[in-house]
2 protein chains.
Amino acid sequence: MAIRPAEQLIHKAAWLYYAHGLRQDQVASQLNISRASVAMYLRKARETGIVNISTSTQLFTDDVLARRLEDALGLDSVWIAPENAYVVDPATDIAVLAASVFLELVKKGDRIGVAWGRTVYTIADIMSYADLQDVTVVQLCGNLGAPYSYRPDQCTMEIARRLNAKGLNFYAPLVLTTEELARGLRAEPVIREQLSGIGDCDLMLFSVGTVDADSHVVKCGALTSGEMEMLRKAGAAGVIAGQIIDSAGAALDCSHNRRVISADLQSLRAIEKRLMVVQEDSKFEPLLAALAGGLCTHLVVGAQMAQRLLDHAGAAGKNAP
Amino acid sequence: MAIRPAEQLIHKAAWLYYAHGLRQDQVASQLNISRASVAMYLRKARETGIVNISTSTQLFTDDVLARRLEDALGLDSVWIAPENAYVVDPATDIAVLAASVFLELVKKGDRIGVAWGRTVYTIADIMSYADLQDVTVVQLCGNLGAPYSYRPDQCTMEIARRLNAKGLNFYAPLVLTTEELARGLRAEPVIREQLSGIGDCDLMLFSVGTVDADSHVVKCGALTSGEMEMLRKAGAAGVIAGQIIDSAGAALDCSHNRRVISADLQSLRAIEKRLMVVQEDSKFEPLLAALAGGLCTHLVVGAQMAQRLLDHAGAAGKNAP
DNA sequence: GTGTCAATTTGACTTTTGTCGAGAGCCGTG
DNA sequence: CACGGCTCTCGACAAAAGTCAAATTGACAC
């Protein structure tokens, strides 16, 4: 019988195996199929998120360093990926941790804002599947016109797919050529609606970009390296969802920001849980800017970066009083 | 080195294996231990709840029968354990499902009320481990003086142990000989505090007892079969947390209820999620009584019982208009 | 009818995992 | 300091799970 085995069989096999603790051959005889099929169904069950295998990220917050950072920075929670005994490379380790943390923070019924970039896409890519109900994933900023590897819509859709959620894409370019056009587009009902819905999110996933010639926004063509150079001289310190922020974490008053279609920082701050993930050690300054702006509540970083942050906070603390 | 490998190693092994997807031998070489040890740590990780393997109970609510029951009874959610292709026996199947559902409903930070009885204890016994933070499990009624297999405190403690939660026991007998003594005891600060804390629970797990000579409360010696006989004549229809309810689901006006140390039904109804589990088909009448009293919001039953409930609701519906 | 196609299933094989008893280090005790 | 008792660890074997190419099946078009 080559009838589509439907979710029914997958679910049943998963139930017998994982919930009742039967062995695969026992499941096979219960369902009158071969053990090989059972093995296949179980793989599908894991890939679909019908079964969920998660490991506690407790240890990574229990770290003394993490606790001290939480206090020093006034964050809800900090996770630190240890960098001594890493598995593949520090960046991947951080992404794996971030994916677990993210899945731990998602609740059914949630509305989730997702930014973009290499970090976010890496997380999406290694994230395991979940079968959450009534979850919506919304794109936080416009798209890139040119085809590029880690596009905002790709990040959004991939995460939505993994969570078995609805993905809400942004059908607008990230950056326009004139401010007037950007204003006009923002006023469009479809766009306006999406932008105003961002504040209703329960959770947000993002990273922060650098403001040098290697920056993501430069490489993807949203800005030339010359423009970036000028912006940096004007006080640019980081990039959040396509927008330039200064070292205080406020949106920089510049033409680029006025030509961008993206969630404004005010709306982002209205989101209860804002998970920021930083992989590269080179993102120290941008990270500081984002923290200064109170843009994140939950943070995942590597051990090295964590130490730098704490040293910085300690030094600043000592200078202040 | 026979130093206690602490949670540290267990956690690390679990992380590499489950989050990073390494094989056991790879984990072993990473941690410089034998693969056999890795296998052992992983088992411990599962037993501790450091890793969590859960399977969606979606299918059991998606059932048409379940949906119709939700509507007919006005419940938030109904799960039906299919009884045709059962694994061990219907009762165990129901308990396995109930345990999964229960774990799905628990959130960290929750306060959970737990009643007692064979059903509750069975669920506790097969429930997998979880590593939840800040969870408190409170006992909903007093204890039995005589040693008995499914004691209230055992149910509470076992569930607390599985969830890695704090267990709050009731240091009072379930039923006293005089009403006066019961009143006095209820007024005791320790007891009063515990009783008044019940309404603050987020979740409650309970079953309902029968009111015949085979009843749990009779077998454990809280009531003689003669007393039970009289209570039944007086309108007793079921038992909830040691208290007798009538067919409308209200506390029966009787001496026994006045001599019992237990959460009053009003407090129970203040709990947001009230999960009731019924294993035996013989509990049809008690179940109806509990439903009539609006005592549960979430229900787990077997297919046969579900069908009877729906037939009953349908018949009642037809008679009414 | 019957040929084609894609999906599903399976048996046989390989790899991975679970388990057990033996051994080794640690500690308090006599 | 020798002695069990204890826990942790490991090697080797047995059991279970993963994988793949080949076979079967039903649907559909001709």
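Just so it is clear: chains get the letters A, B, ... in the order the sequence lines come, proteins before strands, and each one is counted from 1.
Contact annotation: A/Y41 does not reach the phosphate of C/dT8 (side-chain N/O to OP1 or OP2, under 4.0 Å). Neither OP1 nor OP2 of C/dT16 sits under 4.0 Å from any side-chain N or O of B/Q26.
A/R43 places its CZ atom 13 Å from the P atom of C/dT9, with the value rounded to the nearest Å. The distance from atom CG of B/D25 to atom P of C/dT17 is 7 Å, rounded to the nearest whole Å. Atom C1' of nucleotide D/dA16 and atom CZ of B/R23 are separated by 16 Å, given to the nearest angstrom. In this structure, the CD1 atom of A/I33 is 11 Å from the C1' atom of C/dT10, given to the nearest Å. A straight line from CG of A/L42 to P of C/dT9 spans 13 Å, rounded to a whole angstrom. Atoms NZ (B/K44) and C1' (C/dG18) sit 15 Å apart, rounded to a whole Å. Here C/dT16 presents its P atom at 17 Å from CG of B/L16, a figure rounded to the nearest Å. Atom pair A/M40:CE and C/dT10:C1' shows a separation of 11 Å (rounding to whole Å applied).
Side-chain atoms of B/E83 come within 3.5 Å of backbone atoms of B/Q304 as a donor-acceptor pair (strictly under, hydrogens ignored).
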Protein N or O to nucleotides 12-14 of chain D N or O, pairs below 3.5 Å:
none

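Contact check on B/R161 versus B/E158 returns a salt bridge, with a Lys/Arg side-chain nitrogen under 4.0 Å from an Asp/Glu carboxylate oxygen. Looking at B/K44 and B/E47, no side-chain N of the basic residue comes within less than 4.0 Å of a carboxylate O on the acidic one, giving no salt bridge. The pair A/D131-A/R162 fails the salt-bridge criterion, with no side-chain N (NZ, NE, NH1 or NH2) lying under 4.0 Å from an Asp/Glu carboxylate O.
Summarising the local packing, NZ of A/K166 is surrounded by 12 or fewer heavy atoms from other residues, nucleotides or ligands at distances under 6.0 Å.
Taking only side-chain atoms of A/S37, from C-beta outward, the nucleotide of D/dC10, C/dT9, C/dT17 with the closest atom is C/dT9. When distances are taken from the side chain of A/Y17 to each of D/dT19, D/dA17, D/dG18, the shortest belongs to D/dA17.
Note: B/H298 and B/W79 have parallel aromatic rings, judged against thresholds of 30 and 60 degrees for the angle between ring planes.
Between B/V137 and the choices B/L168, B/T156, B/V106, the side chain to side chain contact (heavy atoms under 4.5 Å, CB included) rule is met once, by B/T156.
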